[in-house]
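Worksheet: the structure to be examined is printed underneath.
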Amino acid sequence: GIQVEQSPPDLILQEGANSTLRCNFSDSVNNLQWFHQNPWGQLINLFYIPSGTKQNGRLSATTVATERYSLLYISSSQTTDSGVYFCAAEQTGANNLFFGTGTRLTVIP
Amino acid sequence: DTEVTQTPKHLVMGMTNKKSLKCEQHMGHRAMYWYKQKAKKPPELMFVYSYEKLSINESVPSRFSPECPNSSLLNLHLHALQPEDSALYLCASSQYYGGYEQYFGPGTRLTVT
């Protein structure tokens with residue numbers, strides 16, 4: 001299956017700081033999603049973004065499909081942003097979603 | 001409404017028990033999925049149902065038995081599990097199978113004693 005790598009694995013931020021999370025994938029994709037997993041395990045959909053740029057409040061994401069990477073930007077971070085951020089990609093023609101190993105974000109007051 | 005529901009939230013079972021996990025969606029989605037997530041690891045796909053038919057079984061042991069009684073409901077029947085099967089079990093759905101956004105339920109946290 002497709003290889004999905006995320007960096008950094010861990011990130012500690014002061015409240016109010018900005019951050020960029022990166023996701024590299026090994027093949028062309030027809031699905032690329034970003035999720036936030038809260039402490040109770042719920043996977044919350046952030047973006048469905050196989051290509052292009054999207055914004056939702058303090059969060060935005062960009063996928064450059066031709067260069068096989070996606071970026072998630074978090075601005076003015078809040079303590080409630082803490083948790084694990086997963087990127088997941090589905091290889092074109094293969095139909096199964098593969099998750100990266102995640103970035104664990106801790107926002108301190 | 002993009003809600004996927006799962007019951008129970010928590011389950012503790014012995015190795016000789018039989019139990020079932022339930023997942024429901026009312027978004028009219030025709031693809032449903034079971035994922036398994038061990039602590040501090042990413043979710044891994046177990047099964048895919050497309051139009052109520054099993055499309056993918058990712059080499060899952062037979063002690064896990066999926067069932068899709070109708071387009072809104074997905075079950076996972078558990079029998080003779082091992083302690084290493086303790087994990088968070090996540091259900092997801094998408095409009096169709098392949099290339100569509102997946103929506104996840106809150107999960108069932110399973111402990112096998």
Side-chain angles (χ1 to χ4, degrees), chain A residues 1-7 9-10 21 23-25 27-52 54 56 61 63 65 70 82-106, chain B residues 1-6 8-11 21 23 25 27 29-51 54-60 86-111:
Chain A
I2 189 170
Q3 304 300 308
V4 183
E5 296 178 351
Q6 291 185 244
S7 60
D10 293 281
L21 282 57
C23 172
N24 292 333
F25 44 92
D27 283 285
S28 61
V29 297
N30 61 358
N31 182 359
L32 191 293
Q33 291 186 243
W34 283 97
F35 298 92
H36 176 213
Q37 189 163 43
N38 67 22
W40 299 272
Q42 172 85 57
L43 278 168
I44 298 161
N45 288 43
L46 298 178
F47 295 101
Y48 168 74
I49 188 165
S51 64
K54 290 185 177 179
N56 184 3
T63 297
S70 183
S82 296
V84 181
Y85 289 80
F86 285 108
C87 166
E90 191 175 308
Q91 184 178 359
T92 303
N95 293 344
N96 290 343
L97 200 61
F98 285 89
F99 283 75
T101 50
T103 292
R104 182 172 297 276
L105 175 64
T106 303
Chain B
D1 183 12
T2 56
E3 190 180 26
V4 177
T5 59
Q6 289 187 244
K9 285 187 169 49
H10 300 274
L11 179 63
L21 309 185
C23 172
Q25 57 87 14
M27 296 178 276
H29 288 175
R30 303 316 300 267
M32 296 185 76
Y33 311 79
W34 282 114
Y35 289 81
K36 174 181 178 179
Q37 186 178 19
K38 300 282 281 182
K40 299 192 186 303
K41 297 287 188 184
E44 292 182 340
L45 183 66
M46 299 174 72
F47 302 104
V48 180
Y49 273 84
S50 176
Y51 287 90
L54 184 64
S55 291
I56 294 286
N57 174 344
E58 290 287 357
S59 304
V60 179
S86 298
L88 180 67
Y89 288 84
L90 294 161
C91 174
S93 72
S94 63
Q95 188 173 5
Y96 301 109
Y97 177 41
Y100 292 85
E101 186 172 7
Q102 292 189 25
Y103 297 88
F104 283 77
T108 293
R109 200 166 292 279
L110 173 68
T111 303

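Any value given below was found using the heavy atoms of this structure, including those in side chains, with hydrogens, waters and symmetry copies removed. A, B, ... follow the sequence lines: proteins, then strands. Residue 1 opens every chain.
When all heavy atoms of B/Pro42 and A/Gly100 are compared, the closest pair comes out as CB-O, 3.2 Å.
Checked by atom type and distance alone, the side chain of A/Gln42 pairs as donor or acceptor with a backbone atom of B/Phe104 at under 3.5 Å.
Remark: the B/Glu101 side chain and the A/Asn45 side chain contain an N/O donor-acceptor pair separated by less than 3.5 Å.
Residues of residues 88-98 of chain B that come within less than 4.5 angstrom of chain A, heavy atom to heavy atom, are B/Leu88, B/Leu90, B/Tyr97, B/Gly98 in numerical order. Against chain B, the residues from residues 82-94 of chain A that qualify, each with a non-hydrogen atom under 4.5 angstrom away, are A/Phe86, A/Glu90, A/Ala94 in number order.
Residue contact with chain B, scored on non-hydrogen atoms closer than 4.5 Å, involves the side chain of A/Phe35 exclusively. Looking at B/Glu44, neither its backbone nor its side chain comes within 4.5 Å of chain A, counting heavy atoms on both sides. Residue B/Gln6 does not touch chain A at all, counting heavy-atom pairs closer than 4.5 Å.
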B/Tyr100 and A/Tyr48: CA distance, side-chain angles, deciding distance, ring pair (Phe, Tyr, Trp, His ring centres under 6.0 Å) verdict: CA-CA 9 Å; B/Tyr100 292 85; A/Tyr48 168 74; 8.0 Å; no
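Heavy atoms from other residues, nucleotides or ligands lying under 6.0 Å from NZ of B/Lys9 number 12 at most.
Here B/Leu45 contributes atom CG and A/Phe99 contributes atom CZ; the two are 9.5 Å apart, rounded to the nearest 0.5 Å. Here the OH-CG distance, from B/Tyr35 to A/Leu43, works out to 9.5 Å after rounding to the nearest 0.5 Å. Of the inter-residue distances, the one linking A/Asn96 atom CG with B/Gln102 atom CD reads 8.5 Å to the nearest 0.5 angstrom.
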